[in-house]
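The next block holds one structure in the form of structure tokens; read it before the comments.
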Amino acid sequence: AVNGAGDWKFTLNKAGQPARTQTQESAGGIVRVDGVTLNPGDSRVFTWDSQANLGSGSNRSVRFVAETSSWVCFSSSGYAYVGTGGCP
């Protein structure tokens with residue numbers, strides 16, 4: 001999610017456990033999920049099944065864009081890795 005200050009907020013929820021949240025200053029950067037820029041108030045939810053497969057059944061990409069860009073890729077089979085110039 002992107003809060004009103006433009007900071008990035010990450011929340012991890014697991015059934016039966018308290019949510020864990022981390023907020024990171026964006027330093028004026030933007031975040032894109034699957035090529036779509038998140039604006040203040042926007043959020044995206046990824047879900048995984050008990051086998052760690054993404055619920056959507058497709059790969060997802062998160063790109064952090066500032067002075068430099070970084071990609072985090074989530075494969076449909078449950079792997080997460082740093083993308084190099086994008087995600088498949």
Without placing hydrogens or testing angles, list every side-chain donor-acceptor pair under 3.5 Å for residues 28-36, not counting sequence neighbours.
from, atom 1, to, atom 2, distance (Å)
R32, NE, T37, OG1, 3.1
D34, OD1, S61, N, 2.9
D34, OD2, R60, NE, 2.5
D34, OD2, R60, NH2, 2.9

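Note on V65: it does not cluster hydrophobically with V62, by side-chain heavy-atom contacts below 4.5 Å among ILVMFWY residues.
For the residue pair G83 and C73, the shortest heavy atom distance occurs at CA-SG, 3.6 Å. Pairing each heavy atom of L54 with each of S58, the nearest pair is CD1-O, 3.3 Å.
Grouping Ile, Leu, Val, Met, Phe, Trp and Tyr by side-chain contacts under 4.5 Å, direct or through others, leaves V82 on its own.
Distance check, rounded to the nearest 0.5 Å: OG of S56 to CH2 of W48 gives 9.0 Å. Taking CZ of R63 as the start and CG of L38 as the end, the distance is 13.5 Å to the nearest 0.5 Å. Rounded to the nearest 0.5 angstrom, S26 OG and D7 CG are separated by 5.5 Å. For the atom pair N53 CG and F74 CZ, the distance stands at 14.5 Å (nearest 0.5 Å). Distance check: W8 CH2 to Q24 CD gives 7.5 Å after rounding to the nearest 0.5 Å.
T21 meets the side chain to side chain donor-acceptor pair (under 3.5 Å) test with T11; sequence neighbours excluded.
Residue-environment remark: OH (Y79) stays at or below the threshold of 12 foreign heavy atoms within 6.0 Å.
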